[in-house]
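I have placed the structure first, in the form of structure tokens, so that the comments after it can refer back to it.
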Amino acid sequence: MTEIRPTDPDLFRLPGAGEDRPRLLGSFAPGSGLSFWPRRKRCPVTGGPVTDVDLSPEGTLYAWTFLHVPRMGGISFAEAGGYGVGQIDLPEGVRVQSPLQGTPEDWQIGSKMVLTLFPVGVDDDGRELVTFRFEAAR
């Protein structure tokens, strides 16, 4: 099995023991009761302290669009001719913009979405680099 590594370990982490999904890394501000992504050093509302939290790997599709591009860097979209991008509302009150897995037929406003990983390259040590995206829950 190939070892995998997140492209940005400050934004998300790989699934831990007993978990089937990666997690986005956010912040919670007790003073305002608000959660944020990506992580913050202080609450942008109150200026108070925050604690690091893992955000839910499930959410609801708020909006989406399809970007028509045949190729992006080393990634080819071949038959699809592009990729989807959506805004997902997490239970913590955070709205995340993310690439989407699938085709426009898979996405409907209000659909349940789940966080998943996809490969984007290989690092200098031969480990597979992955980033995150959301896909429709099955």
List the atom of [X], the atom of [Y], and the distance in Å for their closest heavy-atom pair.
X: Ser27; Y: Asp52; answer: OG-OD1, 4.1 Å
X: Pro104; Y: Trp64; answer: CB-CH2, 3.6 Å
X: Asp54; Y: Glu92; answer: O-OE2, 4.4 Å
X: Pro57; Y: Pro22; answer: CB-O, 3.6 Å
X: Pro49; Y: Pro30; answer: O-CD, 3.6 Å

Ring-face cation contact, Phe12 with Arg23, 6.0 Å cut, 45° max: no

Linked, directly or transitively: [X] and [Y] (ILVMFWY side chains, under 4.5 Å):
X: Ile109; Y: Phe134; answer: yes
X: Leu25; Y: Leu115; answer: no
X: Leu24; Y: Phe36; answer: no
X: Val96; Y: Leu34; answer: no

To the nearest 0.5 angstrom, please state how far the [atom1] atom of [X] sits from the [atom2] atom of [Y].
X: Ile88; Y: Ser111; atom1: CD1; atom2: OG; value: 10.5 Å
X: Phe28; Y: Cys43; atom1: CZ; atom2: SG; value: 9.5 Å
X: Arg39; Y: Leu55; atom1: CZ; atom2: CG; value: 9.0 Å
X: Leu100; Y: Thr65; atom1: CG; atom2: OG1; value: 10.0 Å
X: Asp123; Y: Leu129; atom1: CG; atom2: CG; value: 5.0 Å
X: Arg133; Y: Thr116; atom1: CZ; atom2: OG1; value: 6.5 Å

Ring-ring centroid check Trp37 Phe132, cutoff 6.0 Å: yes

N/O donor-acceptor pair under 3.5 Å between Trp107 side chain and Gln101 backbone: yes

Asp125 side chain vs Arg127 backbone, donor-acceptor pair below 3.5 Å: no

Short N-O contact, Arg5 and Glu128, less than 4.0 angstrom: no

Glu19 bridged to Arg13 by N-O distance under 4.0 Å: yes

Residue among Arg21, Lys112, Met113 satisfying side-chain contact (heavy atoms from CB on, under 4.5 Å) with Glu58: Lys112

Thr131 and Leu117: CA distance, side-chain angles, deciding distance, side-chain contact (heavy atoms from CB on, under 4.5 Å) verdict: CA-CA 6 Å; Thr131 193; Leu117 298 170; over 6 Å; no

Non-hydrogen side-chain atoms of Glu135 and Val114 separated by less than 4.5 Å: yes

Tyr62 side chain near Arg95 side chain, heavy-atom distance below 4.5 Å: yes

side-chain contact (heavy atoms from CB on, under 4.5 Å) between Leu14 and Ile4, worked out: CA-CA 9 Å; Leu14 302 176; Ile4 63 174; 3.8 Å; yes

Full working for side-chain contact (heavy atoms from CB on, under 4.5 Å) between Val130 and Val120: CA-CA 6 Å; Val130 296; Val120 293; 6.0 Å; no

